[in-house]
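We're numbering straight along the sequence, starting at 1.
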Amino acid sequence: MEWVKDRLGGVEWFRALRYSAVSIVGVVVTQVLLFGAHGVFGLEAVPANTLAVSVAAIPVFFLNRAWVWQLNGRSSFRREVVPFWGFTLAGLALSTLAVAVVSSMTSATLAVSAANIGAFGVLWVAKFFVLDEVVFAAAAAASGDEMVGITS
């Protein structure tokens with residue numbers, strides 16, 4: 001618990017609010033895609049979840065980088081993209097497991113959506129600290145030069 005208190009003491013709260021707003025955008029995009037793929041087009045729950053999470057991660061990465069952490073220019077593939085997608089894949093794995101379990105009990109799209117949201121909620125706080133203290137902190141320190149695109 002002390003670790004959490006130490007981390008919360010150093011959090012820039014405005015950044016945490018922007019991160020929350022981007023997360024809401026990500027949830028909305030994911031849920032719209034999940035509802036469309038599963039509820040409207042009848043795609044099985046697990047492939048629909050995979051599609052929704054994968055597509056939504058793209059704008060979420062760029063919004064987090066540009067708006068939340070105020071970084072512009074080139075993204076470092078190794079320092080930013082890989083860790084971000086690592087968390088996305090962890091969320092995908094956890095949400096896919098949750099969606100698979102729920103869809104084995106019911107085909108209700110609302111239940112599938114709830115499973116997806118719950119799984120990502122588990123990782124949400126940890127993701128903020130890793131992005132803030134590791135992923136985008138390193139990029140911010142190295143961003144003395146203006147860059148565009150993605151580098152390795």
Side-chain angles (χ1 to χ4, degrees), residues 1 3-5 7-8 11-140 148-150 152:
M1 198 62 171
W3 182 88
V4 172
K5 280 183 175 179
R7 294 298 161 295
L8 290 176
V11 167
E12 181 184 317
W13 288 103
F14 194 63
R15 182 177 8 241
L17 289 174
R18 289 190 307 251
Y19 173 75
S20 299
V22 169
S23 295
I24 291 169
V25 168
V27 167
V28 169
V29 170
T30 301
Q31 294 306 307
V32 166
L33 292 169
L34 185 57
F35 179 79
H38 181 65
V40 175
F41 293 108
L43 194 61
E44 291 294 323
V46 170
N49 184 63
T50 303
L51 173 71
V53 170
S54 299
V55 171
I58 296 166
V60 167
F61 172 80
F62 287 109
L63 283 169
N64 271 313
R65 189 173 191 283
W67 189 53
V68 177
W69 278 275
Q70 306 287 303
L71 297 170
N72 55 28
R74 288 199 151 167
S75 299
S76 167
F77 186 77
R78 182 179 48 79
R79 285 190 322 259
E80 296 175 50
V81 176
V82 170
F84 184 87
W85 275 94
F87 259 101
T88 299
L89 291 175
L92 176 60
L94 191 59
S95 68
T96 299
L97 177 63
V99 162
V101 168
V102 167
S103 69
S104 72
M105 295 184 274
T106 179
S107 63
T109 300
L110 186 59
V112 170
S113 291
N116 170 277
I117 291 171
F120 272 96
V122 169
L123 294 175
W124 186 71
V125 173
K127 184 177 180 180
F128 173 78
F129 286 120
V130 170
L131 292 177
D132 192 50
E133 295 182 9
V134 178
V135 175
F136 293 126
V148 179
I150 296 179
S152 54

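- Residue Leu110 holds its CG atom at 9.0 Å from CD of Gln31, rounded to the nearest 0.5 Å.
- Put simply, the side chain of Thr106 gets close to the backbone of Ala108: a donor and an acceptor are under 3.5 Å apart.
- One finds the OG atom of Ser75 at 5.5 Å from the CZ atom of Phe62 (value rounded to the nearest 0.5 Å).
- Side chain of Arg18 to backbone of Trp67: a donor-acceptor contact under 3.5 angstrom is found.
- Without hydrogens or angle criteria, Ser103 side chain to Ala100 main chain gives a donor-acceptor distance under 3.5 Å.
- Note that CG of Leu131 and CZ of Phe87 are 7.0 Å apart. Values are rounded to the nearest 0.5 Å.
- Trp69 places a side-chain heavy atom less than 4.5 Å from the side chain of Tyr19.
- Rounding to the nearest 0.5 angstrom, the gap separating the CG atom in Leu51 from the CG atom in Leu92 is 10.5 Å.
- Under the side-chain contact (heavy atoms from CB on, under 4.5 Å) test applied with Val32, the options Thr30, Leu34, Val28 reduce to a single match, Val28.
- The shortest distance between side-chain heavy atoms of Arg74 and Glu80 does not fall below 4.5 Å.
- The closest side-chain heavy-atom distance from Lys127 to Phe84 is below 4.5 Å.
- Using a 4.5 Å heavy-atom cutoff, the side chains of Asn64 and Val135 are not in contact.
- For Val46 against Val99, the heavy-atom pair with the smallest separation is N-CG1, 4.1 Å.
- With sequence neighbours excluded, the residues forming a side chain to side chain donor-acceptor pair (under 3.5 Å) with Ser23 are Trp124, listed by chain and number.
- Shortest non-hydrogen contact noted between Val102 and Ala115 is CG2-CB, 3.6 Å.
- For Glu44, the CD atom is loosely surrounded, since the number of other residues' heavy atoms within 6.0 Å does not exceed 12.
- Taking OG of Ser54 as the reference point, atom CG of Leu89 lies at 7.5 Å (rounded to 0.5 Å).
- Of all the heavy atoms in Phe77 and Pro83, the pair that sits closest is O-CD, 4.4 Å.
- Annotation: side chain of Trp13 is not in contact with side chain of Leu17 (no heavy-atom distance under 4.5 Å).
- The two atoms that bring Ala98 and Ala119 nearest to each other are CB-CB, 4.3 Å, heavy atoms only.
- Gly39 approaches Thr109 most closely through the heavy-atom pair CA-OG1, 3.4 Å.
- Side-chain atoms of His38 never come within 3.5 Å of backbone atoms of Ala48 as a donor-acceptor pair (strictly under, hydrogens ignored).
- Residues passing the side chain to side chain contact (heavy atoms under 4.5 Å, CB included) test with Val25, sequence neighbours excluded: Val29, Leu63.
- Inter-residue side-chain proximity for Phe120 and Val53 is flagged as met; some heavy-atom pair is nearer than 4.5 Å.
- Minimum interatomic distance between Val60 and Gly26 (heavy atoms only, all atoms of both residues): CG2-CA, 3.5 Å.
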